[in-house]
Amino acid sequence: MNYLETLKQLTSSKTFQINLGLERIQEVLQKLGNPQKDLQYIHVAGTNGKGSTCAILNSILTEAGYKTGLYTSPHIFDYTERIKINGIDISQEDFAQLFEEINSIGVELTEFEFLTAMMFLYFQRNNVEIVVLETGLGGRFDATNVIEKNLCSIITHIDLDHTERLGKTKDDIAFEKAGIIKPNCPIITSMGYEAIRDRADELNSMFIMTSPYVQQEFVEALALKGLHQIENLSLAITAINYLFKNIDENTIKNALGKVKNPYRFEYIKDKNLIIDVSHNPNGIEALRNNLDFYYPCQKRRFVFGCLKNKDYEKMMQILFKEEDEILLNEFDYPNSCSYEELSKKCPYKTEKYVNQNLSVDKLNIICGSFYMLKGLKNLF
């Protein structure tokens with residue numbers, strides 16, 4: 001089976017679903033010899049900031065000489081982006097071979113479960129020293145939570161998202177995220193939710209609350225821009241300082257300048273364009289704050305699209321002003337919003353985005369969903 005055939009099977013209607021639970025992936029991993037037990041993890045959950053926190057950790061550990069595996073989701077252009085060793089994507093050949101091997105076991109898995117099992121096997125066979133492991137959805141029943149211990153758990157910023165699966169309140173969601181805490185393994189967070197503290201106490205796990213402040217030299221060194229990144233940076237630095245006393249400040253600074261996490265408030269100068277994959281109200285609020293802070297005087301043109309299961313009405317209320325030029329993007333992806341659905345909920349005048357080029361007379365902002373960027377690649 002080649003890579004394209006693999007993707008066709010991986011993305012079939014049979015696997016394209018969310019079905020939280022650990023039984024299926026546990027069964028598959030047991031038949032593979034439980035490769036997940038041979039690895040060490042920093043496990044990261046949260047509503048916003050998971051990807052950036054993981055990218056910072058990955059860069060520091062790689063710079064310090066550790067063979068570092070990074071597992072993140074979703075991808076933007078290619079599935080191979082999700083599984084990396086020292087910043088290098090898994091090859092298409094390895095991806096296809098691992099999928100075929102796991103598929104042959106005969107257990108029906110979701111897409112994310114397939115990818116997670118492939119990741120464990122790939123990292124184990126390549127003798128990865130430390131895995132930076134990002135949850136897919138929630139924590140307690142996420143496929144990544146099949147691991148039994150970790151170096152530490154990290155819970156990033158919590159807000160309302162995926163409420164149909166994780167609960168209607170932030171406390172409910174914090175309870176689900178706290179499911180990644182392991183017995184006698186520290187938990188690092190920037191938020192003092194009772195559910196997280198209670199779970200840490202129950203499992204005899206050290207609860208570490210980060211400071212909202214980071215050394216200015218680290219903030220200035222970080223390649224990722226945006227006011228919200230300080231919280232993510234604080235979590236990553238706290239974890240590194242706690243777990244790796246051998247990593248010095250110069251190594252950290254060098255690594256921060258090399259952090260890559262595409263399209264998080266990323267500015268492309270010659271296009272006068274910002275690309276930001278914020279996709280829930282809290283993320284959109286961070287984007288709006290960053291725009292007001294860094295670009296207070298520029299007129300704005302938005303290309304905005306969203307999935308139907310997001311609170312896109314609130315997102316548009318937070319993001320747009322009456323004077324903005326608003327282009328709503330109807331993109332090709334399951335569960336994406338139509339132009340009509342978006343425009344009906346938008347408080348201001350809108351137009352449909354129809355593949356036009358964006359002039360540099362205004363600050364252009366593409367935002368609202370990971371999943372629409374592939375179709376807009378011609379703009380950047």
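Between Phe123 and Gly69, the closest heavy-atom pair is CZ-CA, 3.6 Å. In terms of heavy atoms, Asn272 sits closest to Gln298 at ND2-OE1, 3.2 Å. Nearest heavy-atom pair, Met118 versus Phe95, reported as atom, atom and distance to 0.1 Å: CE-O, 3.4 Å. Closest heavy-atom contact between Val107 and Arg24: CG1-O, 4.1 Å. In plain terms, the two heavy atoms of Ser205 and Lys182 that are nearest each other are OG-O, 2.6 Å.
Here Lys31 pairs with Glu27 in a salt bridge; the nearest charged N to carboxylate O distance falls below 4.0 Å. Comment: Arg300 engages Asp292 in a salt bridge, judged by a side-chain N to carboxylate O separation of less than 4.0 angstrom. Taking the charged nitrogens against the carboxylate oxygens, Glu202 and Arg199 do have a contact shorter than 4.0 Å, which makes a salt bridge.
Sorted pairs that involve residues 366-380 and meet side-chain hydrogen bond (donor to acceptor under 3.5 Å, both in side chains), not counting sequence neighbours, are lacking altogether.
If you check the side chains of Asn254 and Thr251, you find no donor sitting under 3.5 Å from an acceptor.
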Could you go through Gln215 and Ile237, starting from their C-alpha distance and side-chain angles, then the distance that decides it, and tell me whether this counts as side-chain contact (heavy atoms from CB on, under 4.5 Å)? CA-CA 10 Å; Gln215 289 174 244; Ile237 296 294; 5.8 Å; no
Test side-chain contact (heavy atoms from CB on, under 4.5 Å) applied to Phe175 and Arg140, step by step: CA-CA 8 Å; Phe175 175 79; Arg140 189 161 59 113; 3.6 Å; yes
For Asp276 and Ile284, what are the C-alpha separation, side-chain angles and deciding distance, and is it a side-chain contact (heavy atoms from CB on, under 4.5 Å)? CA-CA 9 Å; Asp276 190 281; Ile284 288 295; 5.8 Å; no
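Partners of Arg197 according to the side chain to side chain donor-acceptor pair (under 3.5 Å) rule, which considers only residues two or more places apart in sequence or in another chain, do not exist here. For Tyr71, the side chain to side chain donor-acceptor pair (under 3.5 Å) test picks out Thr116, with sequence neighbours left out.
Under the 4.5 Å side-chain heavy-atom criterion for grouping Ile, Leu, Val, Met, Phe, Trp and Tyr, Leu373 is not connected to Phe265 through any hydrophobic cluster.
Aromatic pair Tyr263/Phe380: centroids less than 6.0 angstrom apart.
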